[in-house]
Amino acid sequence: MMRTFLATTTLVTTLAATAHADMARYELDTEHTAIYFTVDHIGYAKTLGIFTELNGSFMYDADTQELGDVAVTINAGSVNTFNEARDGHVRNADFLHVSDHPEITFVASGGTPGDSTSGTVTGDLTILGVTQPVTLDVKLNKAAAYPFGHKREVLGLSMAATIQRSDFGMSYAVDNGLVGNDVSINIETEAMKME
């Protein structure tokens, strides 16, 4: 009985190690990645913002759709809303308070496939030093060797989520309705398989 148990344990451990060994590391190509958001402005229209400095990586097995070790870091001070005065306001203590909280991070340990090209990733998003769970809807647009340059395998991904900024302590102008509480987040990225 003990021998069977040990053999089974060894087999499970070996299979798990083999499965993990098949996972490859992918890095976000920062030249082909956009993280942007929209938020309501007094009910008239949505204001667009984009973060221009970031890095990120994850582990992924294309055959099993296993995902792991997702980590993305955004330079909060790189926010650009296409208006210099507004950018200064978004960077101050009313919103991102970048002098005290220079980074926004997202960390996840795995994901849930929906079908061969879609799924969700739930992880911890940290803004202003406050961490909340957030679920990203993920779509795989394309997986293929890049046609020129590095010619590595590339995953083209589109991701989206909506958060309430007040959950992170960013409550400026929520009660009076000048700035919306719901923030729609979109990510478009090309992630390169690393050797």
### Presence of salt bridge, Glu27 and Arg25, under 4.0 angstrom
yes
### Message
Would Asn75 and Leu54 count as a side chain to side chain contact (heavy atoms under 4.5 Å, CB included) here? Give the steps.
### Response
CA-CA 6 Å; Asn75 176 356; Leu54 60 107; over 6 Å; no
### Heavy-atom side-chain proximity of Leu140 to Leu155 below 4.5 angstrom
yes
### Query
Does Thr33 reach the main-chain N or O of Asp29 with its side chain, forming a donor-acceptor pair under 3.5 Å?
yes
### Task
Hey, could you give me the CG/OG distance between Leu28 and Ser57, rounded to the nearest 0.5 Å?
7.5 Å
#### Entry: Side chains of Asp167 and Gln132, donor plus acceptor under 3.5 Å
no
### Task
Without swapping roles, check the side chain of Thr122 against the backbone of Thr135 for a donor-acceptor pair under 3.5 Å.
no
### Task
Check whether any side-chain heavy atom of Glu66 sits under 4.5 Å from a side-chain heavy atom of Met23, and report yes or no.
yes
### Task
Check whether any side-chain N or O of Arg165 sits under 3.5 Å from a backbone N or O of Gly180 as a donor-acceptor pair, and report yes or no.
yes
### Query
Quick one: are Val39 and Lys46 in side-chain contact, heavy atoms under 4.5 Å?
no
### Task
Would you kindly say whether Asn181 and Ser166 are connected by a side-chain donor-acceptor distance under 3.5 Å?
yes
### Query
Hey, does Asp124 have a side-chain heavy atom less than 4.5 Å from the side chain of Phe106?
no
### Query
Do the side chains of Met192 and Val70 join up, straight or via other hydrophobic residues, at under 4.5 Å, putting them in one cluster?
no
### Task
Report, as yes or no, whether the 6.0 Å neighbourhood of atom OH on Tyr44 holds more than 12 heavy atoms from other residues, nucleotides or ligands.
no
### Message
Is there a path of hydrophobic side-chain contacts, each under 4.5 Å between heavy atoms, that joins Leu157 and Val154?
### Response
no
### Query
Can you hop from Ile50 to Leu125 via hydrophobic side chains spaced under 4.5 Å?
no
#### Entry: side chain to side chain contact (heavy atoms under 4.5 Å, CB included) between Ile74 and Thr105, worked out
CA-CA 6 Å; Ile74 301 166; Thr105 62; over 6 Å; no
### Query
What's the verdict on side chain to side chain donor-acceptor pair (under 3.5 Å) for Thr81 and Asp87, showing C-alpha distance, side-chain angles and the deciding distance?
CA-CA 6 Å; Thr81 67; Asp87 290 348; 2.5 Å; yes
### Message
Is there a side-chain contact between Met159 and Lys139 in this structure, where contact means two heavy atoms from C-beta onward sitting under 4.5 Å apart?
### Response
no
### Query
Does any donor atom in the side chain of His89 or Asp94 lie under 3.5 Å from an acceptor atom in the other side chain?
yes
### Task
Indicate, with yes or no, if the rings of Phe51 and Tyr36 have centres closer together than 6.0 Å.
no
### Query
Which heavy atom of Ala108 sits nearest a heavy atom of Gly123, and at what distance?
CB-CA, 3.8 Å
### Message
If you apply the rule side chain to side chain contact (heavy atoms under 4.5 Å, CB included), what do you find for Phe82 with Thr47, and how did you get there?
### Response
CA-CA 10 Å; Phe82 309 98; Thr47 295; over 6 Å; no
#### Entry: ILVMFWY network linking Val72 to Val107, side-chain heavy atoms under 4.5 angstrom
no
### Query
So, the side chain of Thr52 versus the backbone of Ser78: is there a donor-acceptor pair under 3.5 Å, distance only?
yes
#### Entry: Side chain proximity check, Thr189 to His32, heavy atoms < 4.5 angstrom
no
### Task
Please work out whether the ring planes of His97 and His101 are parallel, tilted or perpendicular, with thresholds of 30° and 60°.
perpendicular
### Message
If you compare all heavy atoms of Thr162 against all heavy atoms of Ser184, which two are closest, and at what distance to 0.1 Å?
### Response
OG1-OG, 3.9 Å
### Task
Using the side chain to side chain contact (heavy atoms under 4.5 Å, CB included) rule, take Met59 and Leu67 through it: C-alpha gap first, then chi angles, then the decisive distance, then the call.
CA-CA 6 Å; Met59 300 294 290; Leu67 177 72; over 6 Å; no
### Query
Are Ile104 and Thr126 close enough that some pair of their side-chain heavy atoms sits under 4.5 Å apart?
no
### Message
Quick one about Ser158 and Glu188 (side-chain donor to acceptor, distance below 3.5 Å, no hydrogens or angles considered), yes or no?
### Response
yes
### Message
Check whether Arg91 reaches the backbone of Gly77 with its side chain - one donor and one acceptor, N or O, closer than 3.5 Å.
### Response
yes
### Query
Out of curiosity, Ile35 CD1 to Ile187 CD1, how far, rounded to the nearest 0.5 Å?
4.5 Å
### Query
Are Tyr146 and Glu153 close enough that a side-chain donor and a side-chain acceptor fall under 3.5 Å?
no
### Task
For the residue pair Val138 and Thr120, establish whether any side-chain heavy-atom pair is separated by less than 4.5 Å.
no
